[in-house]
Amino acid sequence: MSPSPDGPNSALLSRIDARLADLVPVVLAGQQGLEAAMRDSLLAPGKRLRPLIAAIVAQDLGGPLDAALDAGCAVEMVHAASLILDDLPCMDDATLRRGRPAIHRGHGEDVAVLASIAMLTEAFAVLSRIEGLSPERRNAAVGVLASAVGALGLVGGQYQDLRGGRGPRSAQDIGDANGRKTGALFLSAVELGAIVAGATPGQRANLSAFAAELGLAFQLLDDLLDLTADPAAIGKDVGRDAGKSTVVALVGVERTQRLVERHIGAARAHLETVFGADSRLDALVCSLALSARKGSGEPAQALEQESGRR
Ligand code: GRG
């Protein structure tokens, strides 16, 4: 599921990586161990989807790129913080992340937790000092990210998974948890891009609906990869969902694939109302779904045809 480094977004990806390197929180003298954990987490080779989406939304709405990059990087900092926590022995107990040892494996659980909290808090500081944004827009940005992280967002969704995921759950309950633990950061990336660019309420509504569908599709693709992918190819543990009540466990692989198609189709329809049929985001969504299918050994033909434009 990776945007190609020499693909259409390569220039943006380079800018994102450079900015993330600048935004690693400053540490006290002698605390290089903490800095190393944050660098290993934030700068490891992830797909950078959330900052990419924030930047493309803002640019294609005519907004300022530098501000959008900072907003997107703030989301990526929260994402990195959440991956550290998710991998801990008390949660997913993962060993591998982005092709490298999980942060607690390389730096210890104590430092991993501190690195996560430091990046999480710094993300809000980044939003609070974005240059060229009115105070109202900065406040709105902070509010959007806070809602994505808190008890109704990532934290709430993770709690639903940890406490409810080992017992039977309805498809609706699983979808609700997926929307919070995974969809929330896609939503905040889109909303931050829209805020930076001063999108109209109508554009924001359609973009939010797009992000919600994308988030649901993305978590289902992630669940399929957990079942079928090669850990060396995706750079993280697989089989962590064994015994968990996921949509795949509930309805099987084929029906899950059909649900993915449905969510992707709905996401693209919302996108089209804002950016027309041939947008950069549409191409990104198609390439994501395509590479996820390939990564899970799926026949990619149908989507290849589809992404060759509807
Ligand atoms: C307080 C920040 C914070 C979090 C607390 C631990 C937690 C609650 C939530 C975990 C949420 C989580 C990790 C959901 C999974 C989302 C997901 C599918 C991640 C994989 O995203 P990719 O594929 O990863 O974009 P890369 O590595 O490419 O960035």
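For the single chain, residues carry numbers from 1 onward in sequence order. First listed ligand is number 1; within each ligand, the first listed atom is number 1.
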Does D282 come within less than 4.0 Å of R268, counting only side-chain N to carboxylate O? yes
Short N-O contact, K236 and D222, less than 4.0 angstrom = yes
- Does Y159 reach ligand 1, in the sense of a heavy atom lying below 4.0 Å from it? no
Review point. Can you find a non-hydrogen atom of R50 under 4.0 Å from ligand 1?
Key: yes
Subset of ligand 1 atoms that lie under 4.0 Å from at least one heavy atom of [X]:
X	result
T182	14 (C), 15 (C), 16 (C)
R98	26 (P), 27 (O), 29 (O)
D86	6 (C), 13 (C)
G46	27 (O), 28 (O)
D222	18 (C)

Under 3.5 Å, N or O to N or O, is H79 touching ligand 1 that way?
-> yes
Q) Quick check: does Q219 get an N/O under 3.5 Å from an N/O on ligand 1? A) no
From the list I56, L207, V196, side-chain contact (heavy atoms from CB on, under 4.5 Å) with L61 holds only for L207
Only one of V190, V274, L271 passes side-chain contact (heavy atoms from CB on, under 4.5 Å) with L281, and that residue is L271
Sorted by chain and number, sequence neighbours left out, side-chain hydrogen bond (donor to acceptor under 3.5 Å, both in side chains) with T273 holds for N206
Judged by heavy atoms only, the candidate from G157, A80, A184, S82 nearest atom 2 (C) of ligand 1 is S82
Distance-only check: which donor-acceptor pairs under 3.5 Å involve side-chain atoms of residues 142-160, not counting sequence neighbours?
{"from": "S147", "atom 1": "OG", "to": "G143", "atom 2": "O", "distance (Å)": "2.9"}
{"from": "Q158", "atom 1": "NE2", "to": "D86", "atom 2": "OD1", "distance (Å)": "2.8"}
{"from": "Q160", "atom 1": "NE2", "to": "D176", "atom 2": "OD2", "distance (Å)": "2.8"}

Interatomic distance, CG@D87 vs CZ@R240, rounded to 0.5 Å, equals 9.5 Å
